[in-house]
Protein chains: 2
Amino acid sequence: MAVTIKDVAQLAGVSPSTVSRTCKDHPSISEETKEKVRQAMQKLGYEPNFQASNLASQNSRTIGIVLPPSARETYENSFYLEAIRGISSFCNQKQYINTVVTGNTEEELLSVIKTMSRSGQVDGFIVLYSKQDDIVINHLYNEGFLYVLIGKAYQNINQTIYIDNDNILAAQEATEHLIKQGHKKIAYLGGDNSLMFSADRRAGYQLALTINGITINPKYCQELPFKQKDQIKAIKELLTSDERPSAIVVCDDILAFTLEDICEELKLSIPEDIAIVSFNNSLIAKLATPKLTSIDVNSYQLGIESASQMINHIENPNLMATKIIVPHHLEVRESSVFHREEKEESATF
Amino acid sequence: MAVTIKDVAQLAGVSPSTVSRTCKDHPSISEETKEKVRQAMQKLGYEPNFQASNLASQNSRTIGIVLPPSARETYENSFYLEAIRGISSFCNQKQYINTVVTGNTEEELLSVIKTMSRSGQVDGFIVLYSKQDDIVINHLYNEGFLYVLIGKAYQNINQTIYIDNDNILAAQEATEHLIKQGHKKIAYLGGDNSLMFSADRRAGYQLALTINGITINPKYCQELPFKQKDQIKAIKELLTSDERPSAIVVCDDILAFTLEDICEELKLSIPEDIAIVSFNNSLIAKLATPKLTSIDVNSYQLGIESASQMINHIENPNLMATKIIVPHHLEVRESSVFHREEKEESATF
DNA sequence: TGAATCAGTGCAAACGTTTGCGCAAAAATC
DNA sequence: GATTTTTGCGCAAACGTTTGCACTGATTCA
């Protein structure tokens, strides 16, 4: 049997409550006694029992991580694992535990989440996506259960805690980067606009055009269908139309990669005929030919910050619902700039 | 305050112990009473308190998931998230919790693991890699703590539970697939051979050659350095040498992708000059041009099986250390076969 | 000098389960 | 009908913490 608080108390010649208070560094214990207790803990290799501690203090020190209910391809995006790693790393430091919950459908997810919250398995959920009218998010909100969103909240904005990039600004910068290269016919390829990041990036793109006095061409602003076949068809149509754009902002590296393929097929050279900027700065952006200019959203940091906020709110229930914006940065590579020198950073990979 | 076992007991007119036993479907409670209790539970929306239950039964119903301590690039491999999703999904069903632990160095990992096991935060660890002389794995073994490896065990093989593909067979099949296409000069590009999967794939490659009466050329069998720059250099040397191979088995899609790039640079066409088979069947394999023939290792299933084994061993401590082999399959695409028709499955993506 | 304050500790009751054991009542045995 | 066995359930003691409250001895204040 593992060493308990009583063993430590006995060895140190104090009561269990004194040991407990020493662990918490309670001010009403004298430094002298604390030292004595600490020595005993050290000697016995004491580690407080997680379950007992949680039961007594009526919490779980556990954070649920909710993956979006999606097709397998979605998870190929390294964003999710990086966010999870950020969360984990912070949790590990703070002696918290995290549990990822995943499901194929929204309903499946919801049912797991319901039992988890009712059984006190978790203190709160970090939801790794933000989507309009999502039943999971709505449920959490309606139940008043603690949750934080990665991505911008869609409704109840002032009451929900979220961690996000400034996707509008990011897309604006991406677009302005292209404008600076002399482009005027700039298109945007996005995904499902009920996902907040996609909608925001589109907004940023449009904002940049407006600010720079470029009129918005609706044909240039596309919400692509989910199926890859249809995506390809839509992209081809765009690229072979009379008003072919000379530059494209793409909401994701994977999609941008597909775009590069299509360009090659259509004998359009990048960045001469079509310049490209995309998002996520994943490995694929570095491996693509030509290498993709991409916006790094710091997904690991998004994870860290969301865990930090979560724990903060668990331990201080009356905190306001704050928002955190994690900085992004534009990683310029070959797909958007003519005659670019081989840069050291891309070379070291 | 949430509804407890006492509330249910009161409503059903029985004692708390009867409620508890009903939950466990204990045989010594009459079906009649059970039904009464179940109705009460239903009515109150009772969900057993996770912490209390764990404390009383002296376990944690929590599984730690150990990511390898690596550079960021490693995690771009979708293998890890898929494995985690498999584990999570199984845990969610079984009312278990999982917590991923990650660290930049082996020491960091080890220290987290130590406190986790001592504080009873987890019942066991699923280690998502298998490596020679790894201090984490060694620690777990020496402490006699429950763990299961994804990948083949390196030592204490009969005492450790592991879930793996038959990587030897997989690599053998990959190689024989190339042999069937008429290739005789076949090379193998692997990574760090202290990682078991890499060593096994090499072994399978060599086995296939031997069986088919092809002498092994040491130059053809490479353990590539970690840095991408050096990798590229080594590959280029191989491809420009006098004895240039006509086909290559590559231990990972990402590396194979890089190989394709180099081939293009050297004006070698795929699969005519160089045929390629790789591993993991990730998105990148489907997006590459030409599309990569790749071995799918069913990482999600590896996750499921490892969680299943883990829970089985948690609940039955005296079980033997079994091994589970998850099937793989070869997904044939353009990189290994001449004049391949566009297949439906690749088209649907 | 006596009352009031305070710092430092311990007592014991939670927290919500699980489970060994005991005890009735019912069933089986003779 | 008396004895034993079985069935079904409840009692109460764990499990290892946390924490409100009480208590003691020392210090301060008037």
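Order of the sequence lines sets the chain letters (A, B, ...), proteins ahead of strands, with each chain counted from 1.
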Mind listing the N/O atom pairs, protein and nucleotides 22-28 of chain D, below 3.5 Å?
none

Given Watson-Crick and G-U pairs under 3.5 Å, DNA chain D in dot-bracket ([ ] crossing, | other strand) is ||||||||||||||||||||||||||||||
Checking [X] now: which residues fulfil salt bridge (Lys or Arg N to Asp or Glu O under 4.0 Å) with it, not counting sequence neighbours?
{"X": "Glu315(B)", "result": "none"}
{"X": "Glu31(B)", "result": "Arg38(B)"}
{"X": "Lys36(B)", "result": "none"}
{"X": "Arg21(A)", "result": "none"}

For [X], side-chain contact (heavy atoms from CB on, under 4.5 Å) partners two or more places apart:
{"X": "Tyr147(B)", "answer": "Phe125(B), Ile137(B), Leu140(B), Tyr141(B), Leu149(B), Thr160(B)"}
{"X": "Asn312(A)", "answer": "Asn316(A), Leu319(A)"}
{"X": "Ser306(B)", "answer": "Ile87(B), Ile126(B), Val148(B), Ile150(B), Ile163(B)"}
{"X": "Lys114(B)", "answer": "Leu110(B), His139(B)"}

Name every residue in residues 40-56 of chain A that has at least one heavy atom under 4.0 Å from any atom of DNA chain C, in order of residue number, or write none if there are no such residues.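 Listed by number, they are Leu55(A), Ala56(A).
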Which residues, if any, of residues 16-28 of chain A bring a heavy atom under 4.0 Å of DNA chain C?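 Contacting residues: Ser17(A), Thr18(A), Arg21(A), Ser28(A).
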